[in-house]
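Computed over heavy atoms, backbone and side chain alike; hydrogens, waters and symmetry mates excluded. Quick caveat: nothing in here was measured; it's all calculated off a predicted structure.
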Amino acid sequence: MNFNKNISVAALALLMASGGAFAQIKKKPVAHKPATVASTNDGDLLPVDHNVIIGKLPNGLTYYIRANAEPKNRAQLYLVNKVGSVLETDAQQGLAHFTEHMSFDGTRDFPKNQLVDYLQKSGVKFGADLNAATTFDETVYELPLPTDSVAVFERGFNILANWAGYDTFDPAELDRERGVVLEEARQRGKNAQERLQQQVYPILFNNSRYATRLPIGKEEIIKTINADAIRNFYHDWYRPDLQAVIVVGDFDPKRVLELIKQNFSSLKNPPVEKPRVIYNDPPTPGTSIVVATDKEFPYTLAEIIVKHPETTVKTGSQYLQGVRVALFNQMLNARIGELSQKRNPPFLFGQASYGPFLGRQDAFVTIAVSKSDSDLVTAVKAVATETERARRFGFTSTELERAKQNALQQLQNEYKERDKTASSDYVQEYEQNFLKGEAIPGIDFEYNFYVNNIGKITLAEMNAMAGKFISDQNRVIVIEGPDKEKANLPNQATVLSWLSAAGNNLTPYVDNVSTKPLLDKRPIPSVTVRSVSDDSIATATLTLSNGVKIILKPTDFKNDQILISGYSFGGTSLASDDDFTSANLAGDIIGSSGVGNFNQIQLDKMLAGKNVSLSPYISETAQGINGSSSPQDFETALQLLYLYFTQPRKDLDIWQSTITQANAFLNNRNLDPNNVYRDTISAVLSNYNFRDMTTTPGRLNAASLDKAYSFYKDRFADASGFTFTFVGNFDISNIKPLLETYLGGLPSTNSKETYKNLNIHPPAGQITKTVYKGIGDKATVQLVFSGEYNYNEPNNVQMDALEAVIQLKLIDRLRQEESGVYSPGVRASYVKIPEGRYSFSISFTCAPANVDKLIAATLDEINKIKQNGAQQTDIQKFTSEDMRSTEVQVRQNVFWAGYLAAGSQNQENPHRIINYVKNLNTVTIQSTKDAANKYLSGNNLIKFILLPAKK
């Protein structure tokens with residue numbers, strides 16, 4: 001049951017997708033187990049974690065087996081193939097990805113769609129659980145399974161073996177899947193990012209295989225490829241000497257080894273093996289530049305990529321160098337982050353980091369996104385200046401110490417959680433060990449290595465790193481922007497002059513650190529006036545004398561985690577229309593401004609090495625605070641919470657920075673058809689109420705910091721209406737005095753405020769809204785049913801079931817039969833606050849010519865359920881999947897945090913989790929028929945359609 005559906009979270013994020021291949025900071029391996037600390041000499045290979053069993057079958061297949069108890073009664077089964085799109089010939093472009101698709105459409109032991117059908121009935125959800133992915137260099141199949149069902153678990157090895165060597169490639173299934181692959185290409189592409197990528201990749205990857213073998217392939221080849229061609233590709237490359245089976249989970253490793261031998265030993269390599277060529281992106285002398293534009297791209301940006309030979313971490317010295325790189329990235333980007341908090345920030349987004357790239361290369365990548373079309377020079381110089389400052393003057397000792405503290409704190413958290421690490425985390429590491437030879441020493445080794453060696457990293461070593469990363473050789477400069485700015489974009493000489501000028505008039509960085517305590521004096525506590533325990537769900541509820549209510553659930557799910565949330569009703573619903581924009585910004589602004597006498601930069605520095613994350617929010621109907629901490633830093637988290645209530649900080653620089661960047665974000669927003677479409681949906685669903693629509697520059701610039709600050713203080717002035725929830729590793733008797741001090745010390749006026757119902761909801765009736773925007777051969781459809789809703793557990797479970805069965809039917813109909821949609825999305829949402837309402841949304845992308853046909857097919861499937869109810873097999877799949885997912889969720893802190901907070905807000909029965917199996921049994925053929933007729937009658941149906949612009 002989707003208990004957490006009912007709690008809303010507001011978030012603001014800017015995703016930069018430019019079509020270039022951005023370098024990513026290499027993640028440190030996460031939790032493992034004991035090993036011996038190695039020295040840092042080049043010749044000393046890192047040890048292999050002895051908790052993982054690694055071996056090879058006589059046919060060359062590699063296996064990794066690790067027993068792991070989290071999540072309980074679950075296992076992750078992966079098949080990893082060293083097979084990707086770089087292996088395709090000119091005539092095969094797209095076959096690696098197509099092969100992956102066909103593995104779900106028929107194998108020796110699972111003809112047609114029987115494999116997916118079997119797994120769904122066993123509680124494995126297609127897409128969310130059962131999945132696969134193809135990249136340039138590998139194809140990976142993912143199969144999470146329950147281990148408390150011996151038959152299902154052991155059958156999983158047969159499924160992996162079928163994928164590994166027994167795909168059938170039925171021509172009829174191939175023709176059906178062809179449409180799905182083409183629609184996946186349409187859904188992911190036919191946009192500005194794809195068109196920019198086509199311009200950028202040949203230069204960025206020096207016309208190597210990484211430029212010419214994109215995994216999605218070529219449309220004309222996908223349209224014409226036959227079963228023999230794809231079968232030949234499979235025969236050449238799906239072979240045991242290029243495959244690994246990775247199994248991590250709650251099981252007996254000896255039995256798993258037997259199952260691997262039983263299922264995979266009969267696989268054979270071809271009599272004549274094609275050599276598995278290792279392709280790379282060859283280095284290029286000097287600097288290359290590519291300027292790419294697109295009509296629909298809303299940003300102007302520059303990427304400066306300096307490529308270096310790839311480093312695969314195998315030795316102690318390489319590991320230590322990886323630590324230095326992580327520290328360097330952290331310190332440099334902390335400086336760049338400070339620039340974004342200036343009153344007039346020089347960029348919309350900036351970053352500079354060293355890390356893995358593509359084509360067996362690492363890269364130092366500088367990214368600068370300008371605030372406006374004419375500000376690219378300012379953005380590039382700002383980011384380049386910080387890199388040059390670090391190269392010329394180095395870092396300070398206090399910066400390095402903070403970076404070390406943060407790095408050690410992160411690893412300490414992983415070390416403390418080493419017996420609670422999710423199986424999926426291990427799988428990712430073993431993948432990289434198989435594919436690239438990355439070391440897997442285990443968390444005990446890593447933690448001890450950090451403790452013993454991080455102090456040996458010197459400031460001089462760190463100060464030399466920028467000079468190693470920056471070079472004018474093997475460098476590519478990528479400039480991207482909208483077509484309308486093409487004439488104004490810089491050439492190579494201009495960009496190089498900007499980089500050169502970035503070193504002018506430089507002064508060393510000054511590290512502004514405060515030594516004051518976070519809190520000057522402890523608040524005057526309140527006493528607990530009421531305490532109630534609920535043994536059935538292991539919670540306790542305290543009421544303090546100042547009116548604060550506290551729900552506590554101690555758990556052993558994580559060793560180093562306490563989740564914190566608090567809410568009180570009111571929110572922006574209490575703001576006037578004139579003050580709404582200011583009020584709507586208040587939570588984010590104050591949450592980014594620091595507290596008390598500390599601005600955000602000083603606060604971040606003060607919290608270095610502490611596992612504390614806390615932020616206030618103001619939504620439409622509530623205000624509150626969310627975050628987490630370790631048990632060790634719990635008091636610090638409570639102090640920060642107390643300060644967000646009692647000493648919020650007004651920072652004009654943060655205000656102006658936010659307004660400037662928001663205006664920049666709005667600047668070219670309407671160039672992207674998807675933004676226009678989304679804005680249209682927001683406008684119509686809110687019945688054109690500006691509060692739920694994208695803000696305008698006029699409203700943004702009319703907002704004021706004084707109003708935002710005043711609204712925030714008013715919303716947090718009275719804690720008597722707040723309910724706080726704490727879930728995690730704590731002892732109630734130990735933390736109770738802290739709660740009484742910091743939450744009990746919060747101000748209380750007993751105002752008894754609550755939210756207003758502003759009646760913002762979709763209009764009634766049947767409406768069709770078509771947006772004509774864009775140049776790609778692509779349409780997007782969203783159907784929204786809505787209406788009044790009686791929020792209760794029986795109705796909620798019926799709505800969840802309706803969502804699941806319609807998702808199943810549309811995958812069958814739109815994806816399999818019509819072959820006109822890649823991944824139809826179905827989403828049922830229901831709320832009690834501010835009033836009982838539901839929304840049932842169905843969305844998909846498709847060819848413009850197929851819009852009417854696919855809408856009709858969708859409504860036809862809904863009508864079948866309205867007439868006959870869901871099929872019993874689909875109900876079985878829903879209940880199996882829901883029960884299996886809930887079994888995992890109830891062992892997670894995040895589930896209980898959402899469950900308890902939502903239950904409190906909606907005044908729900910706290911024991912509903914105990915009765916959820918009983919509620920699932922109320923889902924029947926008749927109940928799904930009744931629900932479909934009640935909620936999907938079509939009386940209130942809005943059709944949103946995005947089509948290319950009319951020519």
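By the 4.0 Å N-to-carboxylate-O rule, Glu887 lies close enough to Arg74 to be salt-bridged with it. A salt bridge is absent between Asp604 and Lys610: the closest approach of a Lys/Arg side-chain nitrogen to an acidic carboxylate oxygen does not fall below 4.0 angstrom. Between Arg891 and Asp556, at least one side-chain nitrogen of the basic residue sits less than 4.0 Å from a carboxylate oxygen of the acidic one, meeting the salt-bridge criterion. Of the charged side-chain nitrogens involved, at least one lies within less than 4.0 Å of a carboxylate oxygen, so that Arg255 and Glu154 count as a salt-bridged pair. Taking the charged nitrogens against the carboxylate oxygens, Arg522 and Glu635 do have a contact shorter than 4.0 Å, which makes a salt bridge.
Taking the side chain as every heavy atom from C-beta outward, Leu400 and Met331 approach each other to under 4.5 Å. At a threshold of 4.5 Å between non-hydrogen side-chain atoms, the residues Val595 and Gln647 do not count as touching. Annotation: side chain of Phe557 is not in contact with side chain of Gln892 (no heavy-atom distance under 4.5 Å). A 4.5 Å side-chain heavy-atom check between Gln602 and Val513 finds every atom pair outside the cut-off. Put simply, the side chain of Leu746 reaches to within 4.5 Å of the side chain of Leu641, judged on heavy atoms. Inter-residue side-chain proximity for Asp49 and Arg66 is flagged as met; some heavy-atom pair is nearer than 4.5 Å. Between Ile537 and Ile913, some side-chain heavy-atom pair lies under the 4.5 Å cut-off. Side-chain contact between Val140 and Glu431 is present, with at least one heavy-atom pair separated by less than 4.5 Å.
Side-chain atoms of Lys549 never come within 3.5 Å of backbone atoms of Thr543 as a donor-acceptor pair (strictly under, hydrogens ignored). For Glu740 (side chain) and Thr528 (main-chain N/O), a donor-acceptor pair under 3.5 Å exists by modelled atom type. Side chain of Trp896 to main chain of Val727: no donor-acceptor pair is present (N/O by atom type, distance under 3.5 Å, no hydrogens or angles). Side-chain atoms of Ser904 never come within 3.5 Å of backbone atoms of Leu900 as a donor-acceptor pair (strictly under, hydrogens ignored). Checking side-chain atoms of Glu142 against main-chain N and O of Ala132 turns up no donor-acceptor pair under 3.5 Å. A donor-acceptor pair is defined here as one N or O able to donate and one able to accept, closer than 3.5 Å; such a pair exists between the side chain of Gln600 and the backbone of Gly594. Side chain of Ser880 to main chain of Lys877: no donor-acceptor pair is present (N/O by atom type, distance under 3.5 Å, no hydrogens or angles). Judged purely by atom type and a 3.5 angstrom limit, Gln623 uses its side chain to pair as donor or acceptor with the backbone of Gly571. Between the side chain of Lys404 and the backbone N or O of Ile457, at least one donor-acceptor pair lies under 3.5 Å.
When the options Tyr644, Phe645, Tyr617, Tyr642 are evaluated for a ring-ring contact (aromatic ring centres under 6.0 Å, His included) with Phe716, the one that passes is Phe645.
Rounded to the nearest 0.5 Å, atoms CD (Gln428) and CD (Gln76) are 9.0 Å apart. A distance of 16.0 Å separates OH in Tyr916 from CG in Asn796, rounded to the nearest 0.5 Å. Annotation: the span from Glu881 atom CD to Leu119 atom CG amounts to 10.0 Å, rounded to 0.5 Å. Atom CG of residue Leu563 and atom OG of residue Ser628 lie 6.0 Å apart, to the nearest 0.5 angstrom.
Considering every non-hydrogen atom in both Ile590 and Arg649, the closest pair reads CD1-O, 3.6 Å. Contact detail for Ser526 and Leu544: the closest heavy-atom pair is CB-CB, 4.3 Å. Of all heavy-atom pairs spanning Gly566 and Asn626, the tightest one is N-OD1, 4.4 Å. Heavy-atom minimum distance, Val797 versus Phe878: O-CZ, 4.3 Å. Across all their heavy atoms, Leu743 and Asn546 have their closest contact at O-ND2, 2.9 Å. Of all heavy-atom pairs between Pro71 and Val888, the closest is CB-CG1, 4.1 Å.
Around the NZ atom of Lys125, the shell of radius 6.0 Å holds no more than 12 heavy atoms that belong to other residues, nucleotides or ligands. In this structure, Lys436 places its NZ atom where only 12 or fewer heavy-atom neighbours from other residues, nucleotides or ligands lie under 6.0 Å away.
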What's the verdict on side-chain hydrogen bond (donor to acceptor under 3.5 Å, both in side chains) for Thr421 and Asn68, showing C-alpha distance, side-chain angles and the deciding distance?
CA-CA 8 Å; Thr421 301; Asn68 186 58; 6.0 Å; no
Evaluation steps, side-chain hydrogen bond (donor to acceptor under 3.5 Å, both in side chains), between Asn893 and Thr555:
CA-CA 7 Å; Asn893 288 335; Thr555 73; 2.6 Å; yes
Let me see the working for Thr539 and Leu552 under side-chain contact (heavy atoms from CB on, under 4.5 Å), right down to the final yes or no.
CA-CA 5 Å; Thr539 64; Leu552 301 167; over 6 Å; no
Criterion side-chain contact (heavy atoms from CB on, under 4.5 Å) on Leu519 and Leu640, from CA distance to verdict
CA-CA 8 Å; Leu519 195 62; Leu640 189 57; over 6 Å; no
Begin with the C-alpha distance, continue with both residues' side-chain angles, and end with the deciding distance and a verdict on side-chain hydrogen bond (donor to acceptor under 3.5 Å, both in side chains) for Thr135 and Glu138.
CA-CA 5 Å; Thr135 68; Glu138 65 264 2; 3.2 Å; yes
Could you walk me through whether Asp800 and Tyr830 satisfy the side-chain hydrogen bond (donor to acceptor under 3.5 Å, both in side chains) test, starting with their C-alpha distance in whole Å, then the side-chain angles of each, then the deciding distance to 0.1 Å, before giving a yes or no?
CA-CA 10 Å; Asp800 288 349; Tyr830 38 85; 2.8 Å; yes
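A side-chain N or O of Gln330 and one of Asn406 form a donor-acceptor pair less than 3.5 Å apart. For the residue pair Gln405/Arg402, the side-chain donor-acceptor check at 3.5 Å is not satisfied. Donor-acceptor pairing under 3.5 Å is lacking for the side chains of Thr147 and Asp250. A donor-acceptor pair shorter than 3.5 Å cannot be found between the side chains of Glu70 and Ser423. There is a side-chain donor-acceptor pair under 3.5 Å between Tyr64 and Asn433. Ser630 and Asp633 share a side-chain donor-acceptor pair at under 3.5 Å. Side chain to side chain, Asn559 and Lys420 meet the donor-acceptor criterion of an N or O pair below 3.5 Å. Neither side chain, Gln639 nor Thr636, offers a donor N or O lying under 3.5 Å from an acceptor on the other. Checked by atom type, the side-chain pair Asn333/Ser353 shows a donor-acceptor distance below 3.5 Å.
Below 30°, between 30° and 60°, or above 60°: for Phe724 and Phe722 the angle between ring planes is below 30°, a parallel geometry. Ring geometry for Phe445 against Tyr319 counts as perpendicular: the plane angle is over 60°, on a 0 to 90° scale with 30° as the lower cut.
Aromatic rings from Phe730 and Phe726 are positioned such that their centres are separated by 6.0 Å or more. A centroid separation of 6.0 Å or more is found between the aromatic rings of Tyr447 and Phe449. Separation of the Tyr567 and Phe569 ring centroids falls under the 6.0 Å cut-off.
Figure legend: cation-pi geometry between Arg715 and Tyr712 absent, as NZ or CZ is not positioned both under 6.0 Å from the six-membered ring centre and within 45° of its axis.
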